[in-house]
There are 2 protein chains.
Amino acid sequence: MELVSENRSFGGSQQVFKHPSNTCGCEMTFAAYLPPQAQDGPVPVLWYLSGLTCTHENAMTKGGFQEHAAKNGLAVIFPDTSPRGEGVSDDEAYDLGQGAGFYVNATRDPWKTNYRMYDYIVSELRSIIVDNLPVQDRHGITGHSMGGHGAITIAIRNAGLFDSLSAFAPIANPTQSDWGRKQLSAYLGDDESNWADHDATLLLEEHGWKGDLLVDQGAADQFLDLLKPEALADMMARRRQPGQVRMQSGYDHSYFFVNSFARDHVAWHAERLH
Amino acid sequence: MELVSENRSFGGSQQVFKHPSNTCGCEMTFAAYLPPQAQDGPVPVLWYLSGLTCTHENAMTKGGFQEHAAKNGLAVIFPDTSPRGEGVSDDEAYDLGQGAGFYVNATRDPWKTNYRMYDYIVSELRSIIVDNLPVQDRHGITGHSMGGHGAITIAIRNAGLFDSLSAFAPIANPTQSDWGRKQLSAYLGDDESNWADHDATLLLEEHGWKGDLLVDQGAADQFLDLLKPEALADMMARRRQPGQVRMQSGYDHSYFFVNSFARDHVAWHAERLH
């Protein structure tokens with residue numbers, strides 16, 4: 001992998017890398033924050049999966065995670081949200097194609113060639129991180145919106161690989177939402193039985209999560225009808241899933257919301273990873 | 001003034017306004033963060049002046065000031081860096097014209113019609129803020145790069161209006177730098193005797209600053225030759241000016257640097273304004 005940029009941040013280092021991806025069949029970019037503690041030995045990893053339209057850069061510059069990661073001794077990985085490039089299929093809509101990979105392995109044309117973000121996160125990028133950065137093979141995962149969906153679904157399906165889980169305003173029940181049905185249909189086909197493995201609420205119903213789960217949701221989020229936090233909250237309660245859904249008064253869907261609760265989420269993961 | 005956007009942030013509110021400016025002869029945009037304490041009564045104001053190419057938005061989204069302002073009970077104002085719009089003169093260079101007002105009142109064509117950022121900050125926007133937002137008429141000022149230059153020069157020349165002062169990597173001696181000579185010549189003309197009122201080092205030599213002064217500077221800043229922190233540090237020492245220039249190992253000129261020390265600067269101002 002190739003270092004694209006490096007900036008000192010809170011005593012640690014905010015780095016951006018690019019690398020050829022076998023999984024996605026294109027060049028991929030990701031950001032990695034290494035806290036000061038990484039100079040003395042490997043640190044646990046917190047994955048932050050971003051939402052629709054984002055790249056590796058949005059949360060890196062606007063999320064405010066570095067201060068808390070530096071304090072708590074966690075590395076933070078910010079992957080991109082889809083394959084990219086001129087040869088990669090795209091769509092005019094903001095919520096399909098580039099910037100909208102939905103953390104699945106597409107099985108339908110034209111997407112199946114490159115859109116394999118599930119395997120990219122779970123396998124390829126994970127190996128790259130562990131092999132090349134001063135980190136422990138010990139991981140927590142969080143994300144925002146489409147990335148919250150990615151975090152919960154990836155963690156539950158790979159409970160042996162992740163030891164802490166949280167989400168900011170996740171797309172909680174995509175099989176029942178226009179943020180989900182459109183994309184799952186395009187990427188996986190119309191057989192809805194193939195969708196359940198990519199629905200946080202349905203996965204929680206079937207498997208639960210081995211640990212406790214922190215979800216923050218803005219009560220003034222402009223996308224509440226698409227996110228469906230009530231489905232996740234209902235399922236957590238019915239399944240007696242340890243954890244909490246915090247409905248935060250006045251907060252919307254923006255990075256101002258993510259930024260405001262970054263401290264809590266980083267501390268949550270640090271307590272469970274150290 | 002008209003509210004453009006409003007986002008809950010750290011229990012307070014991040015707002016963006018636009019308004020017709022008599023001083024600049026165009027519509028101007030600024031951002032204001034109001035901490036939770038402003039709901040109970042007026043709070044002091046911290047002004048953050050941005051650098052070349054920035055608008056009101058950069059530091060608002062990437063500076064990380066809200067968390068610390070919320071903790072310390074300060075409002076933070078993020079003005080734009082120049083007049084803007086189709087009818088406003090501009091230049092192809094990034095460092096002249098729109099995005100590069102340099103916090104002066106231009107006296108030369110074509111700039112003198114709109115480029116009056118000094119009066120805009122000191123008088124017009126100050127009045128708008130005090131008249132329309134839940135703030136005290138009590139002000140601190142800081143800024144980054146060109147904005148650090150603006151903060152120091154405006155505060156020293158208006159010591160009755162500002163009670164605390166700091167800067168991030170300020171253009172410290174613009175009369176001796178290519179970041180300064182070009183702009184002061186264009187905006188004020190070639191008579192260098194008119195430039196001294198816009199040079200932090202020269203103003204400090206003549207007037208000092210009534211309080212103590214905090215300056216942070218990245219030791220790995222890619223623009224050190226243009227910023228000339230040594231001129232300011234030398235003058236502070238020679239004049240026995242209370243304060244400190246902190247040379248921060250490894251930090252560059254980016255918002256990762258600003259973000260890393262936002263906490264210290266907000267606390268510095270809060271201690272002096274409350």
How many angstroms lie between atom CD of A:Gln248 and atom CZ of B:Arg8, to the nearest 0.5 angstrom? 10.0 Å
Quick check: are there more than 12 heavy atoms from other residues, nucleotides or ligands sitting under 6.0 Å from CG of B:Asp178? no
Where does B:Gln66 contact chain A at under 4.5 Å (heavy atoms): side chain, backbone, both or neither? side chain
With a 4.5 angstrom heavy-atom cut-off, could you sort out which part of B:Tyr255 is near chain A: side chain, backbone, both or neither? neither
A:Ser9 side, atom OG; B:Tyr251 side, atom OH - distance, nearest 0.5 Å: 6.5 Å
Pair count under 4.5 Å, heavy atoms only, with chain B: among A:Ala70, A:Ser249, A:Gly64, highest is A:Ser249
For B:Met60 versus A:Phe256, what's the shortest heavy-atom pair and its separation? O-CE2, 3.7 Å
Would you indicate whether B:Asp212, at its atom CG, is surrounded by more than 12 heavy atoms from other residues, nucleotides or ligands within a distance under 6.0 Å? yes
Might you confirm whether atom CG of B:Asp225 has over 12 heavy atoms from other residues, nucleotides or ligands at distances under 6.0 Å? no
Working to the nearest 0.5 angstrom, can you tell me the gap between A:Phe10 CZ and B:Phe261 CZ? 8.5 Å
Name the region of B:Thr61, side chain, backbone, both or neither, that has any atom closer than 4.5 Å to a heavy atom of chain A. both
Considering only heavy atoms, which portion of A:Glu6 lies under 4.5 Å from any heavy atom of chain B: side chain, backbone, both, or neither? backbone
